[in-house]
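Right, one structure below, let's go through it.
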Number of protein chains: 2
Amino acid sequence: MRIGQLARRSGVSVRALRYYEEQRLLESARTSGGQRDYPDEALERVQLIQDLFAAGLSSRTVVELLPCVSTGVATPAMLDQLIIERDRIAARIEDLTRAKTKLGRVIENVAAANVAQD
Amino acid sequence: MRIGQLARRSGVSVRALRYYEEQRLLESARTSGGQRDYPDEALERVQLIQDLFAAGLSSRTVVELLPCVSTGVATPAMLDQLIIERDRIAARIEDLTRAKTKLGRVIENVAAANVAQD
DNA sequence: CTCGTACCTCACGTTGACGTCAGGTTTAGG
DNA sequence: CCTAAACCTGACGTCAACGTGAGGTACGAG
């Protein structure tokens, strides 16, 4: 599969895929002419990368953790890092939940005031 | 209160406070010598700004929503924006929860493998 | 009055994940 | 063989929320 097709299938840009390779997150074979040629599994890998980015992990962290996330094998240091990241995500969820509750209260107040005005 | 004290009390940097003013998120009176002078309420306001930033809102959005968040009075357009932001936060929470679950499973697998190896 | 600290205004630097040219090459189809 | 579309490698631009340094001013204690 060539880069354009992988981009369309995964929903990320061609530029992003080249960037992933630059960051050693994604490998590619090359044709005799030098064009990238991806195996089918690359699609899952790109989606995994996107998920980890969406969780707020940096590319540096992702490149460290990708092996064990996809293979299930990890050194103790990698396990520690995994736990750190999971806890970071949990803390972030708590922050967001508080903010959501706060905004929800503001919305209720505003809506109540508007109804009262009608 | 001067800027250094507000910075210490709120836990944000002096630079950040000046930035908030530049973005019209925070006002200040000035002494005859041109130094910023904040009322006590500024502390709550700074904390509110931090909360909204932590929720992932941009300074542009915060400057639009700050009036109604602190006063409870909002135009219909502001109410719509509030709802949009709340839903965005909710969606983000779902993303993070999925990622956390995924990492949790990886951690369990790795831990199980390590125990088996002992 | 003098010192030390806090404050002021520019204004350029930082970081991450790409976007966006420029200028050239490869590929697939007719 | 010819062409259009897709691809290639640099390399500079972007955006947000500040960090950081330069060079100068204000304030409070003694």
> Within the structure shown, what part of the strands sits under 4.0 Å from B:Arg30 by heavy-atom distance: base, sugar-phosphate, or nothing?
Replying inline: sugar-phosphate
>> Could you tell me how far apart B:Leu6 (CG) and C:dC8 (C1') are, to the nearest whole angstrom?
In response: 16 Å
> Can you find a pair of side-chain heavy atoms, one from B:Leu25 and one from B:Phe53, that are under 4.5 Å apart?
Replying inline: yes
> How about B:Met78 and B:Glu64: do any of their side-chain heavy atoms sit closer than 4.5 Å?
Replying inline: no
> Which nucleotides of nucleotides 16-23 of chain C have their base under 4.0 Å from a protein heavy atom (B), which only their sugar-phosphate (S), and which neither (-), written as one string 5' to 3'?
Replying inline: -BBBB---
> When rounded to the nearest 0.5 angstrom, what is the spacing between CG in A:Leu43 and CG in A:Leu6?
Replying inline: 6.5 Å
> Do we see a donor-acceptor contact under 3.5 Å between the side chains of B:Gln35 and B:Arg2?
Replying inline: yes
> C:dC8 P sits how many Å from B:Glu22 CD, rounded?
Replying inline: 13 Å
> Would you say D:dT9 has OP1 or OP2 under 4.0 Å from some side-chain N or O of A:Arg36?
Replying inline: yes
> Strictly by modelled atom types, are B:Tyr20 and B:Gln50 linked by a side-chain donor-acceptor pair under 3.5 Å?
Replying inline: yes
>> Using whole Å, what does the distance between atom C1' of nucleotide D:dC27 and atom CZ of B:Arg2 come to?
In response: 6 Å
> Taking atom types as modelled and ignoring hydrogens, do the side chains of A:Gln47 and A:Ser10 form a donor-acceptor contact shorter than 3.5 angstrom?
Replying inline: no
>> Rounded to whole Å, how long is the line connecting atom CG of B:Asp37 with atom C1' of C:dC8?
In response: 15 Å
>> Using a 4.0 Å heavy-atom cut-off, does B:Arg18 contact any base of the nucleic acid, only the sugar-phosphate backbone, or nothing at all?
In response: base
> Under 4.5 Å between any side-chain heavy atoms of B:Asp37 and B:Ser28, yes or no?
Replying inline: no
> Whole Å only: how far is the CD atom of A:Gln5 from the C1' atom of D:dA6?
Replying inline: 12 Å
> Between B:Thr31 and D:dA26, does any side-chain N or O lie under 4.0 Å from OP1 or OP2?
Replying inline: no
> Could you give the CD1-to-P distance, from B:Ile49 to D:dA17, as a whole number of Å?
Replying inline: 12 Å
> Taking atom P of D:dA6 as reference, at what distance in whole Å does atom OH of A:Tyr38 sit?
Replying inline: 16 Å
